[in-house]
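Just so it is clear, the structure is predicted and the values come from calculations on it, not from any experiment. To find a chain, count down the sequence lines: A is the first, B the second, and so on, and within it residues start at 1.
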Number of protein chains: 4
Amino acid sequence: MSVLPERGTKRSYLPAEERRAQILACARAVFARRGFHVASIAEICSAAGIGRGTLYQHFTNKRDVLEAVLEELFERVRGVLASRQSVAELDGAADAPPALICAFCATRLRRMLDAIFHDEASLRLVLREARGLDGGIDAILARIDGLVLGAMVTDLESARRLGVVETAEPELAARFLLGGVEKLVLDALHADAPVDLERIVSVVTDIQLTGLLSERTRAIGRRS
Amino acid sequence: MSVLPERGTKRSYLPAEERRAQILACARAVFARRGFHVASIAEICSAAGIGRGTLYQHFTNKRDVLEAVLEELFERVRGVLASRQSVAELDGAADAPPALICAFCATRLRRMLDAIFHDEASLRLVLREARGLDGGIDAILARIDGLVLGAMVTDLESARRLGVVETAEPELAARFLLGGVEKLVLDALHADAPVDLERIVSVVTDIQLTGLLSERTRAIGRRS
Amino acid sequence: MSVLPERGTKRSYLPAEERRAQILACARAVFARRGFHVASIAEICSAAGIGRGTLYQHFTNKRDVLEAVLEELFERVRGVLASRQSVAELDGAADAPPALICAFCATRLRRMLDAIFHDEASLRLVLREARGLDGGIDAILARIDGLVLGAMVTDLESARRLGVVETAEPELAARFLLGGVEKLVLDALHADAPVDLERIVSVVTDIQLTGLLSERTRAIGRRS
Amino acid sequence: MSVLPERGTKRSYLPAEERRAQILACARAVFARRGFHVASIAEICSAAGIGRGTLYQHFTNKRDVLEAVLEELFERVRGVLASRQSVAELDGAADAPPALICAFCATRLRRMLDAIFHDEASLRLVLREARGLDGGIDAILARIDGLVLGAMVTDLESARRLGVVETAEPELAARFLLGGVEKLVLDALHADAPVDLERIVSVVTDIQLTGLLSERTRAIGRRS
DNA sequence: GATGAATGAGGTTTCATTCAT
DNA sequence: TATGAATGAAACCTCATTCAT
């Protein structure tokens, strides 16, 4: 992850833009691996192969660095969401069988999450970075969350309009789903297991759409 | 939350046991409010109305204090779970209508979560405390998580044996549910809104058991 | 000036009050010798024979230390001025010969300046410490100045009421005198010469009271 | 005060001589406004509209910049003093009335001070710049002081030879006068009031020449 | 048991100065 | 000649921990 300069060179010169981006990349990795508080500026700088002072020519603060990392992530997520096709445009969904719908939803969810969970670093950052730091960090994390939830809610409402799902509280349902996925991902991270987003998403979509009740029990419900 | 000594007394003497418990109570509050890294020993001590040195007669470390707080929580959760009635013992469940089952599950889940979410402090602690600190903290958090998940999995398997639910992956399902609840609780905390655990649990149980799909779509599924 | 702990002792314990006073004494010396910006906290601490952290248990800031030093000086000057006898009470002054009056004024001025110029350290501090630091430093320096000027103005006005002096602008006259003394003292300090306050004050008082004009020229003035 | 390059030009090329002079002008302003320690190289450079590296092609040091600024000032003062008419050449002074002499002295003093206090920047620089920096800065400030004091002493001695003034210690008298003026100017600066050098000089000259004693008291002196 | 003064490692941040372009 | 990216020494400050009282 770290981008060290060529061996033997004392200094490496980069245009400000590039240097900033490089620092951001290293910072993301370090923050993700160690957490904001434990990570030190020195760590980030040595990961980037630069002196400590250099970092401060591009960022005013340690917090500013984290903010920039998250801002970048925010932009990426926004970009991905903006370029998605609207569910509403899908015709014929109303008459599709459940299995097909599940598959479609899973894929669609997967795509979106890929934007956030683009790399393990971003993922760890968003999921477990200590909230409660002063300044804009909470706000950005909230904005990212809002972006994702908003997209999910939009989808749910479109689906409801198509008659595919029924839910009185799309907000809650979206949050619930997202929370469930996050937990599964976190646990995988925590166990140092590879994150099989594909499988997680498909299982989770299935549960949320179909529900856990057995067909037998449902039948009892329909009878009464 | 802080347990200050009587006014006017310079020093207050307490038997070791009590003092330890008192410190723990204050520490839980402070850690919850500020997070492990941001909270300072001084903060905890002044909340407890004691000198900084006193804390070190009962704990070896800042980390040790957090560990003790979590250990205490762990014991409480274990106690609650140990005293629960087994689902397996419930007869007649197999023929109950879905609505009744949902209500039952919701209540049961609610009871368990109450143990962890006993007070806002415990709750914030478990949900957002930065993982990744060296030492036993991760382990304890994992043990608490395991306790809860274990209970949920046991319930799910009992229910499956009764023919009430169908799930190939009770582990995943349990984690998913727990994650969803946690997210909803966290978001409420984060918005400084009161945590309406009652409502959260009931909505969430409903979604997970019944699923979001409309009856119309399900019918299509049954036809094919 | 530095108050080092006994040799061989690792730590020396002092009641907060005393430690604070000791640090202040050392800080005054160091600030005086090196100037606020050049002086470092480390310097002050090693002069006081304490660790760097100890200083920060008594002061919040480097600036706070300087402020405290100056505040102390302010209080000392105020005390001295408060205990002075009023000029107005002196009877018979109206008919005293000029030489006597000069001597009296010189002594009185000397007493007052002794309070400020109590030691070389205070003196250097007040006279040449960089003004323009944010915070209360300017204000305290101004208050000290005001104290001294106020006392001088009061004296001048009493003297005028007694018919001993004539001046339309006691404010200006006082500032002028004080400025003149300060310059002479500064120059002495600067040349590393001992500051003969006795002589400076007497010469300066003489010039300001009597004036430089020759008796011959004055006579011309009286004639016309 | 800053001499910015033409708008739209990325780089502006100047012959070394001019660039140096331009930097000096900006540096004088910045040092005056902020003080040597607080002023930063970056500040000076951005005031001059140049890159930080450029400054180091004309000066070796931050200190070197201040030295150059002061050296320039020194030369200007020397020039002004060199072109003054000698007091000794003035005839008839011996029989002039005191008021006329005061007026003459005030004007003459005013002229000289104008050279130093040419602009507010120079003035602040000379009066309050922290002494005690290693290197030649103290020396230059002392040389400037010496220049002015020398001129004043010469004047005083000429006047004494003409019988206009009486003073055993022209050195002290000159310093005293200069100190008094400086204080008044500093206080005005400090209060952000405009510096009315005209008035300051005339009041101060009057006090120093005539003295504060009332005519009544003087008469007592003459009698005895 | 309790205290709070003392400590210093360790972190962040600044800024004069260098140097490749 | 001009630039501004890079540097790292050095400063300030925090705070968990120790220890004499």
Side-chain angles (χ1 to χ4, degrees), chain A residues 5 9-16 18-20 37-43 45 49-63 65, chain B residues 5 10-16 19 37 39-45 49-65, chain C residues 5 9-20 37-43 45 49-63, chain D residues 5 10-16 19 37 39-45 49-65:
Chain A
T9 313
K10 262 285 136 77
R11 289 182 182 196
S12 78
Y13 283 75
L14 251 59
E18 279 179 48
R19 177 66 71 190
R20 193 187 141 93
H37 290 290
V38 179
S40 78
I41 291 290
E43 240 168 321
C45 291
I50 59 173
R52 281 200 298 283
T54 306
L55 185 143
Y56 283 92
Q57 286 203 325
H58 301 274
F59 304 94
T60 55
N61 255 348
K62 187 180 175 185
R63 224 187 51 216
V65 178
Chain B
K10 263 284 134 82
R11 291 180 180 201
S12 77
Y13 287 77
L14 249 60
R19 173 83 344 141
H37 290 290
S40 74
I41 291 288
E43 231 169 330
I44 295 172
C45 290
I50 59 172
R52 281 206 295 284
T54 307
L55 187 142
Y56 283 90
Q57 292 200 324
H58 301 274
F59 304 94
T60 57
N61 252 343
K62 188 182 176 184
R63 228 185 48 215
D64 187 37
V65 178
Chain C
T9 314
K10 264 279 135 77
R11 288 182 181 195
S12 77
Y13 283 74
L14 252 60
E17 198 87 334
E18 279 178 49
R19 177 65 71 191
R20 193 185 143 92
H37 289 291
V38 179
S40 78
I41 291 289
E43 240 169 322
C45 290
I50 58 173
R52 281 199 299 281
T54 306
L55 187 143
Y56 284 93
Q57 286 203 325
H58 301 274
F59 305 94
T60 54
N61 255 346
K62 187 180 175 185
R63 224 187 51 215
Chain D
K10 260 288 134 78
R11 292 183 181 199
S12 77
Y13 287 77
L14 251 59
R19 172 85 343 144
H37 289 291
S40 74
I41 292 287
E43 231 169 330
I44 295 172
C45 292
I50 59 172
R52 281 207 295 283
T54 308
L55 186 143
Y56 284 89
Q57 293 202 324
H58 301 274
F59 303 93
T60 56
N61 253 345
K62 188 182 177 184
R63 228 186 47 216
D64 187 38
V65 178

Mind calculating the distance between [atom1] ([X]) and [atom2] ([N]) to the nearest angstrom?
| X | N | atom1 | atom2 | value |
| --- | --- | --- | --- | --- |
| A:Glu43 | E:dG11 | CD | P | 8 Å |
| A:Leu55 | E:dG11 | CG | P | 15 Å |
| B:Phe59 | E:dG1 | CZ | C1' | 15 Å |

**Prompt:** Dot-bracket for DNA chain E: what is it, with Watson-Crick or G-U pairs under 3.5 Å, [ ] where a pair crosses earlier ones, and | for a pair to another strand?
**Reply:** .||||||||||||||||||||

**Request:** Start with the C-alpha distance between D:Arg11 and D:Thr54, add both sets of side-chain angles, then the distance that settles side-chain hydrogen bond (donor to acceptor under 3.5 Å, both in side chains), and finish with yes or no.
**Result:** CA-CA 11 Å; D:Arg11 292 183 181 199; D:Thr54 308; over 6 Å; no

**Request:** Step by step, work out the side-chain contact (heavy atoms from CB on, under 4.5 Å) result for A:Arg20 and A:Phe59.
**Result:** CA-CA 8 Å; A:Arg20 193 187 141 93; A:Phe59 304 94; 3.4 Å; yes

**Under 3.5 Å donor-acceptor, A:Glu18 side chain and A:Pro15 backbone** = no

**Asked** Can a side chain N or O of D:His58 be found less than 4.0 Å away from OP1 or OP2 on F:dA2?
**Response** yes

**Item:** Side-chain N,O (D:Arg19) to OP1/OP2 (F:dT1) below 4.0 Å
**Value:** no

**Item:** Per-nucleotide protein contact string for nucleotides 11-18 of chain F, where B marks a base within reach and S marks sugar-phosphate only (heavy atoms under 4.0 Å, - for neither)
**Value:** -SBBBSBB

**Short side-chain donor-acceptor distance under 3.5 Å, C:Ser40 and C:Arg52** = no

**Request:** Taking the side chain as every heavy atom from C-beta outward, state whether D:Asn61 and D:Tyr56 have any atom pair closer than 4.5 Å.
**Result:** no

**Complete:** Among E:dA6, E:dT7, E:dA2, the one nearest any side-chain atom of B:Leu14 is E:dA2

**Item:** Shortest non-hydrogen contact from A:Gly51 toward A:Cys45
**Value:** O-SG, 3.8 Å

**Message:** Which heavy atom of D:Ile50 sits nearest to which heavy atom of D:Leu55, and what is that distance?
**Reply:** CD1-N, 4.1 Å

**Request:** For A:Gly51 and for D:Ala16, find the nucleotide of DNA chain F with the closest heavy atom, then tell me which residue's nucleotide is more 5'.
**Result:** D:Ala16

**Request:** Would you please test C:Glu43 and C:Val38 for side-chain contact (heavy atoms from CB on, under 4.5 Å) and show each step?
**Result:** CA-CA 10 Å; C:Glu43 240 169 322; C:Val38 179; 5.7 Å; no

